[in-house]
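A short write-up of the structure that comes next.
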Amino acid sequence: MNSHLDPDLLSAYLDDEVTPNERTLVLEHLGGCEACQTELESLRWTVALLNRLPEVSPPRTFYVTEQMLEAPVPKLRWWRQWRNPFLGSLGAVAALLLCVLLIQMPQTSPNTASTAMESAAPAADSEIALEQEAPAEAAGDARQSTEVVEGAANTETMMEAPAEEAEAEPTEEAAEEEAASEEESDAITTLQATELSQEQGAEESAEEAPAEDGDDAASAADAAPEATLEVAPEADVPEIAESEPVQETEQIPFSTELPQQPEPVPDRTPLLVVSSVLVVLALGWVVWRKRQG
Amino acid sequence: MLFLLLLVLALLLAGLVYPASLFAQGEGQEPDDDELVRQAQKGDRHAFNRLVGRHQTLMYNIAYRVMGDPDRAADATQDAFVSAYKKLDQYSGGNFRAWMARIVKNQCYDLLRYEGRRPAASLEALMLTHDDPTPDMNQRAPERPDEATLQAEIAEWLQKVILQLPQDQRMALVMADVHGYSYEEIAEVTEVELGTVKSRLARARRKVRELLQSHSELLPAQYRL
């Protein structure tokens, strides 16, 4: 015979733990295979020896007393069950994931974005104030322009901070942020140049303004509440052309659009959920084992 | 006539009292395991201890064969019974012996895992301790004086061979071949499928056979294959 019986089947046949078909198969095979007959006999001999093992007398009785019920059962405490390799590794992986997520989450864009938005709002507000006060206070324009520039510079700095931190992130995100910051710096540079020319013009108009102090100041004061982009060019700011404030406004990146947000960090919510589920499963397994005793 | 009436009355009284005394003693009406469990579940600790009395020898022997040490086996057995009493509400009837054996198995595994005990690296190392004093063993009445010694030595050696097995195979072998549990009971105790029980038992038997055959010179002639 080329093939022999499965050793597991022979062992089960010894205990009569086989189906009728399996029993028939074994009997037919044993009839023509000496090797399997020897295997069966050796197993039978082994089981017979084990059957002869004597019963051991207990050293004492094991009746349950009240004292035993009051004392805690000296079993493994729940934290020692983490010595189980599977449970220990599962818990370690879940804890590590949670730590990584918790450490990195506060550094994600929502905080940075809100800060950027907060800096953009005052910048936008200051821009509107600048437009409204242009006819009346040219010198004030220069101051506010400076503030806008400073505010833009601060915002740029604040935006650069997350950009720098994002350099630790994947390189694609860092490259995109650098490109955005470069664009912003170019816009700022253009703005500064334009503002410098405005300042020059404002100073000139400021020098001329006192000469026509009385009427012009009154008309400017009347016009100020209704100051608009259309009114501003009619004021004594000849250097500021009608379209220039609009262009400059458009060039200022904070007035019309929100500053470019840094690339949002990939949503880690799924990882957080998975790690939480792993921890819950591990704890549930511990509780289940405790209940099973 | 009066004497006869008194005699009949006495016999009647005796006939009434004697059967009643039999019922009072409970002879012939030993409650089964499930009945004792029901009483214990109502808070009757004495009923539970009657269960302990019935099964403690078997449970201790399982623990002893798995642990290989009488003191640790006693600790595992006692802890198992205390734990079983506290978890009686989880027993829903059927086979108390298997349910109790599962608790003993878990206690043994916990102790083995906690203590990091491992079987000896080789049977030769075990044979170096062949002369260690054996625990108290009840044996069949020997036919000859040296038969007892022979049986004790074989039993000790077999126990050491059993300790060579992985604990899963060891538990299956002890329950099946030493204590006669069925495959279904072993599957319930070890919480595995029937096929896994067959496989573990078959591997355990082959391993024991190999160890016995490799040192068959130590076996008396009548015990050799």
Side-chain angles (χ1 to χ4, degrees), chain A residues 5-19 22 38-77 80-85 87-88 288-293, chain B residues 45 48-49 52-53 56-57 59-61 64-65 70-71 74-75 77-87 90 102-103 106-107 110 113-114 135-140 151-152 154-155 158-159 162 173 176-178 180 182-183 194-195 198-199 201-203 205-206 208-209 212-213 223 225:
Chain A
L5 290 172
D6 182 9
D8 292 359
L9 180 60
L10 274 179
S11 175
Y13 173 75
L14 266 181
D15 301 317
D16 201 24
E17 292 279 352
V18 291
T19 62
E22 289 174 334
T38 304
E39 174 76 10
L40 183 64
E41 284 309 308
S42 66
L43 285 177
R44 200 189 305 273
W45 166 77
T46 304
V47 172
L49 269 179
L50 291 167
N51 289 159
R52 292 172 67 92
L53 271 174
E55 189 177 75
V56 180
S57 293
R60 56 182 172 90
T61 60
F62 300 103
Y63 295 124
V64 175
T65 63
E66 283 294 335
Q67 194 177 7
M68 291 177 188
L69 295 174
E70 291 171 3
V73 178
K75 349 175 357 182
L76 285 178
R77 294 295 172 256
R80 286 190 175 148
Q81 297 193 30
W82 291 92
R83 289 165 64 98
N84 179 289
L87 195 60
W288 179 78
R289 278 301 308 271
K290 272 193 72 175
R291 293 186 68 182
Q292 292 295 323
Chain B
R45 185 163 48 83
F48 182 78
N49 281 330
V52 173
Q56 61 182 347
T57 301
M59 297 304 140
Y60 173 77
N61 272 263
Y64 172 74
R65 296 298 176 195
D71 294 330
D75 291 341
T77 307
Q78 184 67 77
D79 291 345
F81 279 118
V82 173
S83 179
Y85 182 76
K86 293 181 177 180
K87 297 176 184 177
Q90 299 178 15
R102 188 172 74 182
I103 297 176
N106 288 334
Q107 288 291 336
D110 287 347
R113 192 163 45 238
Y114 174 61
D136 179 26
M137 288 189 176
N138 271 346
Q139 304 169 49
R140 298 192 307 272
Q151 289 182 3
I154 294 172
L158 266 178
Q159 174 60 37
I162 291 172
L173 186 86
D177 294 339
V178 181
S182 69
Y183 282 27
L194 206 61
K198 290 182 181 180
S199 177
L201 187 55
R203 288 202 302 268
R205 286 170 172 172
R206 290 199 297 274
V208 170
R209 181 193 61 193
L212 291 177
Q213 287 179 336
Y223 293 107
L225 181 58

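The analysis underlying the following values was restricted to heavy atoms, covering all of them including side chains, and did not include hydrogens, waters or symmetry mates. Below, chain A is the first sequence line, B the second, and so on; all start at residue 1. Everything numeric in this text was worked out from a predicted model, so none of it was measured.
In this structure, B:Asp75 CG and A:Phe62 CZ are separated by 8.5 Å, a value rounded to the nearest 0.5 Å.
The contact between B:Ile162 and chain A is made entirely by side chain atoms (from C-beta outward), counting heavy-atom distances below 4.5 Å. Heavy atoms closer than 4.5 Å to chain B are found nowhere in A:Leu9, neither backbone nor side chain. In this structure, chain A has heavy atoms under 4.5 Å from both the backbone and the side chain of B:Phe81. Of the two parts of B:Tyr183, the backbone and the side chain both hold a non-hydrogen atom closer than 4.5 Å to a non-hydrogen atom of chain A.
By number of non-hydrogen pairs under 4.5 angstrom with chain B, the leading residue of A:Pro59, A:Ser11, A:Pro7 is A:Ser11. Most heavy-atom pairs under 4.5 Å with chain B: of the set A:Asp6, A:Leu43, A:Leu50, this distinction falls to A:Leu50. Highest contact tally toward chain A, considering only B:Val52, B:Thr77, B:Leu201, B:Asn61, is held by B:Asn61 [criterion: heavy-atom pairs under 4.5 Å]. Top candidate by heavy-atom pairs under 4.5 Å with chain B, chosen from A:Leu14, A:Thr65, A:Leu10, is A:Thr65.
By the 4.0 Å N-to-carboxylate-O rule, B:Arg205 lies close enough to A:Asp15 to be salt-bridged with it.
Taking all atoms of both residues into account, the shortest heavy-atom contact from B:Gln213 to A:Trp45 is CG-CZ3, 4.1 Å. Minimum interatomic distance between A:Val64 and B:Phe48 (heavy atoms only, all atoms of both residues): CG2-CE2, 3.5 Å. Closest approach of A:Thr61 to B:Gln78, counting heavy atoms only: O-OE1, 3.9 Å. Nearest heavy atom pair, residue A:Leu49 against residue B:Leu158, reads O-CD1, 3.4 Å.
Side chains of B:Arg65 and A:Leu53 form a contact here, defined as non-hydrogen atoms less than 4.5 Å apart. In this structure the side chain of A:Arg52 never reaches within 4.5 angstrom of the side chain of B:Ile154, judged on heavy atoms. Residues B:Gln56 and A:Arg60 have side chains not in contact (no heavy-atom distance under 4.5 Å, counting atoms from C-beta outward). A 4.5 Å side-chain heavy-atom check between A:Val18 and B:Lys198 finds every atom pair outside the cut-off.
Side-chain atoms of A:Asn51 do not come within 3.5 Å of backbone N or O of B:Val178 as any donor-acceptor pair.
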